[in-house]
Amino acid sequence: MIDLFPITAPLLFRFDPETAHGLTIKALKTGLVPAPRGRDEPSLRSRVWGLDFTNPVGLAAGFDKNAEVVDAMLRLGFGFVEPGSVTPRPQPGNPRPRLFRLVEQGAVINRMGFNNQGLDAFAERLERRRDNPRRAAGIVGANLGKNKDTVDAADDYVIGARRLAPLADYLVVNVSSPNTPGLRALQGRAPLRELLGRVLDARAACKLARNPPLLLKIAPDLTAEDKADIAAVALESGIDGLIVSNTTIARPAEIPEPLRAEAGGLSGRPLFGPSTAVLKEIYGLTGGKLPLVGAGGIASGADAYAKIRAGASLVQFYSAMVYGGPALVHRIRDELAGLLRRDGFESVAEAVGADHR
Ligand SMILES: Cc1cc2nc3c(=O)[nH]c(=O)nc-3n(C[C@H](O)[C@H](O)[C@H](O)COP(=O)(O)O)c2cc1C
């Protein structure tokens, strides 16, 4: 594909990261970004939860918080996209600056705090898309968050699930962002059981011909007890899968001052090792019974392949795009196909969890 990123990157990097992101979304919305999908190798076709993915490489939540560029991102070659996190009411998020580049580390720190236009704007865009015969093919999830000032968190996820279950191919309960006070405490055994039970009831109450799969997105910063609890609750509750993982509050040694002192979640290259280790552990704890989505630090086909071998049926990335541009999705996808072929796998499904065998 024609890759304009080498030309636009120096310009974008002259802006602060949030302004650069806003300009990127604007450019994508014009529909003028050249976007030949290229060819998805047949080995990349994946059927998960009864959904057909042309390739297993997705766009992680947080890039398109308001579902503004779903089709543009699918046209760039992603097998699936996950707009959000969306909260029931619009909210401004934390004060700026709240997004930081760590160029040498290939990393990002963010404390956005679920800035978004709210559920109505989000749902209306997905409705318009549903009614548009020229929409791009591909799987579109919806990532649900809670408003900062909502006391009973489950209420917000129920509101989101009710509204979006008829519009999204899958739903994500995100209880792992580090930038909403109290959110990650919902990963504990008792609150998680109640939360997932209520969201599953809300989904059932929609009486859809086909329920969208419900996934839980977890943090990488969990104790052994947390992980065992999450795996047990995930299996007994009847949810459909897990996304592993969100950003980390840890600051590995390679993160220099003064940025290491910035509050927020760290993503990108330094997250690859820790998030892949958690993914592998969760695959072991769930016995391979639940499809997992691997996220955290993916920047190459080899990274995506390592997540799949550790137990992921699908993968997602975001931060690497800041440094590699949107054409990176082609590289990751094509390199992944090459690695599957090298190791004699005819499909992604055959390679899932290979490191456990
Ligand atoms: C700027 C930014 C905003 C994000 N916002 C969200 C969000 O709203 N909801 C969510 O579930 N994850 C969010 N994430 C986390 C990503 O979806 C992903 O889980 C994480 O960044 C790890 O992947 P990566 O290393 O490829 O970026 C955000 C990440 C970044 C960098």
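Every number for a ligand or one of its atoms is a count from 1 in the order of the listing. Given the structure is predicted, the values throughout are model-derived calculations rather than measurements. Note: hydrogens, waters and symmetry copies are ignored here, and every other heavy atom, side chains too, is used. Numbering starts at 1 and runs along the sequence shown.
- Contact annotation: for V172 versus ligand 1, there are no heavy atoms closer than 4.0 Å.
- When non-hydrogen atoms are compared, ligand 1 lies under 4.0 Å from the side chain of K65 (C-beta onward) but not from its backbone.
- Of the polar atoms of S319, at least one N or O is found under 3.5 Å from an N or O of ligand 1, judged by distance alone.
- Sparse packing is recorded around CZ of R14, with 12 or fewer heavy atoms of other residues, nucleotides or ligands lying under 6.0 Å away.
- Between G268 and ligand 1, at least one N/O pair is under 3.5 Å apart.
- For Y170 and D240, the side-chain atoms include no donor-acceptor pair closer than 3.5 Å.
- Taking only nitrogen or oxygen atoms, main chain and side chain alike, K217 reaches within less than 3.5 Å of ligand 1.
- Between Q316 and ligand 1, no pair of N/O atoms sits closer than 3.5 Å.
- Enclosure of atom CD in E346 is not indicated, since only 12 or fewer non-hydrogen atoms of other residues, nucleotides or ligands lie within 6.0 angstrom.
- Considering backbone and side-chain N/O of I298, none are found under 3.5 Å from N/O of ligand 1.
- Atom NZ of K227 has more than 12 neighbouring heavy atoms from other residues, nucleotides or ligands inside a 6.0 Å radius.
- Not a single N or O atom of V108, backbone or side chain, sits closer than 3.5 Å to an N or O atom of ligand 1.
- Between F63 and H21, the ring planes lie perpendicular to each other; the angle is over 60°, past the 30° to 60° tilted range.
- Of the candidates I332, I298, T276, D303 forms a side chain to side chain contact (heavy atoms under 4.5 Å, CB included) with just one, namely I298.
- Within the 4.0 Å heavy-atom criterion, neither part of E82 lies near ligand 1.
- Within the structure, ligand 1 has S245 among the residues with a heavy atom less than 4.0 angstrom away.
- Residues S177 and F114 approach most closely at OG-CE2, 3.3 Å, considering heavy atoms.
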